[in-house]
J.: 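If you scroll down you'll find the structure; I have some questions about it.
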Amino acid sequence: MTTTNETAATDTPVPAPEQRISVPQLAPDYYQAMFAVDRTSRIGLDPKLAELVKVHASMINGCAFCIDMHATDAVKNGELDHRLLSLPAWRETPWFTAKERAALALTESVTLLTQGHVPDAVYNEAAARFEEAELAQLIALIATINAWNRIGVASRLSPAAK
């Protein structure tokens, strides 16, 4: 039989893993440059779409810090919870537009480069849905969030407890 104290102990969240290294403290020039790259990578893109892409890449890469931050930002930009929760299964849902679906497919291909690079069909679909300059920005955004994810995962950044 479980006692009240045992139940309380099992319901307590597990603490975040200890951060390994502080990139902002130890490589401040690089970190500031990443912020500049991040700002410029979003230029000309719909903020709602940009956050969908960031959440999706962060889910693929398993970056809890980035998932938390960008899901929060997405909701602030008007994104709906059910769409965020269904990102891992976006192909099976009816609520993403053709443009969003092209961006999500491109995000997967660029994020998972070792699994077939970026197939022509994926690139061509994105090119059909985005103007050329917007597509270039989308590629920049995907590359940037992947860099952030690698910093977050390698250094063990963790979201604050909620």
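Worth knowing before you read on, the calculation uses all heavy atoms, side chains too, and leaves out hydrogens, waters and symmetry mates.
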J.: Please evaluate residues Y123 and L135 with respect to the criterion side chain to side chain contact (heavy atoms under 4.5 Å, CB included), reporting the C-alpha separation (whole Å), side-chain torsions for both, the decisive distance (0.1 Å), and the verdict.
T.: CA-CA 9 Å; Y123 181 85; L135 180 58; 3.5 Å; yes

J.: For the pair R150 (side chain) and N146 (backbone), establish whether a donor and an acceptor sit closer than 3.5 Å, ignoring hydrogens and angles.
T.: yes

J.: Would you mind reporting whether K76 and T72 have side-chain heavy atoms less than 4.5 Å apart?
T.: yes

J.: Quick one: side chains of residues 20-36, donor-acceptor pairs under 3.5 Å with protein atoms, not counting sequence neighbours, listed by atom name and distance.
T.:
residue: R20; atom: NH1; partner: A154; partner atom: O; Å: 3.1
residue: S22; atom: OG; partner: Q25; partner atom: N; Å: 3.3

J.: According to a hydrophobic-cluster definition based on side-chain heavy atoms being under 4.5 Å apart (Ile, Leu, Val, Met, Phe, Trp, Tyr only), do L113 and I151 belong together?
T.: no

J.: Run the side chain to side chain contact (heavy atoms under 4.5 Å, CB included) test on I139 and F130 for me, step by step, so that the C-alpha distance in whole Å, both residues' side-chain angles and the decisive distance to 0.1 Å come before the verdict.
T.: CA-CA 11 Å; I139 292 168; F130 291 88; over 6 Å; no

J.: Look up atom CG in D73 and atom NE2 in H70, then write down how far apart they are to the nearest 0.5 Å.
T.: 6.5 Å

J.: Taking C-beta and beyond as the side chain, do E134 and K99 meet within less than 4.5 Å on heavy atoms?
T.: yes

J.: Show your working on salt bridge (charged side-chain N to carboxylate O under 4.0 Å, His left out) between R83 and E100 and close with a plain yes or no.
T.: CA-CA 11 Å; R83 286 170 35 103; E100 290 168 337; 2.7 Å; yes

J.: Cluster question for you: counting only ILVMFWY and a side-chain heavy-atom cut-off of under 4.5 Å, with indirect links fine, are L138 and I43 together?
T.: no

J.: Which heavy atom of A126 sits nearest to which heavy atom of A102, and what is that distance?
T.: CA-CB, 3.9 Å

J.: Drop me the distance from I60's CD1 to T111's OG1, to the nearest 0.5 angstrom.
T.: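 Interatomic distance, I60 CD1 to T111 OG1, rounded to 0.5 Å: 5.0 Å.
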
J.: Is it possible for you to say whether V122 and I142 belong to one hydrophobic cluster, with membership spreading through side-chain heavy-atom contacts below 4.5 Å?
T.: yes

J.: Using only atom types and a distance under 3.5 Å, with no angle test, would you say the side chain of Q19 pairs donor to acceptor with the backbone of L157?
T.: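 No; zero donor-acceptor contacts below 3.5 Å.
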
J.: For the residue pair K48 and G78, what are the closest heavy atoms and their distance?
T.: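 Heavy atoms only, the tightest pair is NZ-O, 3.7 Å.
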
J.: Kindly determine whether L106 and V53 satisfy side chain to side chain contact (heavy atoms under 4.5 Å, CB included), including the steps that lead there.
T.: CA-CA 9 Å; L106 186 62; V53 165; over 6 Å; no

J.: Check whether any side-chain heavy atom of D68 lies under 4.5 Å from a side-chain heavy atom of K162, and answer yes or no.
T.: yes

J.: Is there side-chain contact between W95 and S86, with at least one heavy-atom pair below 4.5 Å?
T.: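 Side-chain contact under 4.5 Å: yes.
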
J.: Could you pull out the closest heavy-atom pair between A71 and L84, with the gap in Å?
T.: O-CD1, 3.8 Å

J.: On a heavy-atom basis, which atom in L141 and which in A50 lie closest, and how many Å separate them?
T.: CD2-CA, 3.7 Å

J.: Rounded to the nearest 0.5 Å, what's the gap from CZ on F96 to CG on L104? Could you check?
T.: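 That separation rounds to 6.0 Å.
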
J.: For the side chain of E125 and the backbone of A105, is there at least one donor-acceptor N/O pair under 3.5 Å apart?
T.: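 Here the side-chain-to-backbone pair does not exist.
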
J.: Are the side chain of T93 and the backbone N or O of W90 linked by a donor-acceptor pair below 3.5 Å?
T.: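 Yes; judged by distance alone, with no hydrogens or angles, the pair exists.
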
J.: CG of N77 to CG of D46: how many Å apart, nearest 0.5 Å?
T.: 8.0 Å

J.: Would you mind reporting whether M59 and P88 have side-chain heavy atoms less than 4.5 Å apart?
T.: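 Yes - at least one pair of side-chain heavy atoms lies under 4.5 Å apart.
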
J.: Quick one: CG on N61 to CD1 on I145, what's the gap to the nearest 0.5 Å?
T.: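 These two atoms lie 8.5 Å from each other.
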
J.: Atom CZ of R39 and atom OG1 of T144: how far apart are they, to the nearest 0.5 Å?
T.: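 So the CZ of R39 and the OG1 of T144 are separated by 11.5 Å.
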
J.: Check whether the side chains of W148 and S58 place a donor and an acceptor atom closer than 3.5 Å, and report yes or no.
T.: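 No pair is found: no donor N or O on one side chain lies under 3.5 Å from an acceptor on the other.
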
J.: Is a salt bridge present between E108 and R91, judged by a nitrogen-to-oxygen distance below 4.0 Å?
T.: yes

J.: Quick one: does T107's side chain get under 4.5 Å of V110's, heavy atoms only?
T.: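 No, their side chains stay 4.5 Å or more apart.
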
J.: Same cluster or not: are L87 and L80 linked, directly or through other Ile, Leu, Val, Met, Phe, Trp or Tyr residues, by side-chain heavy atoms under 4.5 angstrom apart?
T.: no

J.: Where do C63 and N149 come nearest, in terms of heavy atoms and distance?
T.: CB-ND2, 3.7 Å

J.: Output yes when E51 and R42 qualify as a salt bridge under the 4.0 Å nitrogen-oxygen rule, no when they do not.
T.: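 Answer for the salt bridge query: no.
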
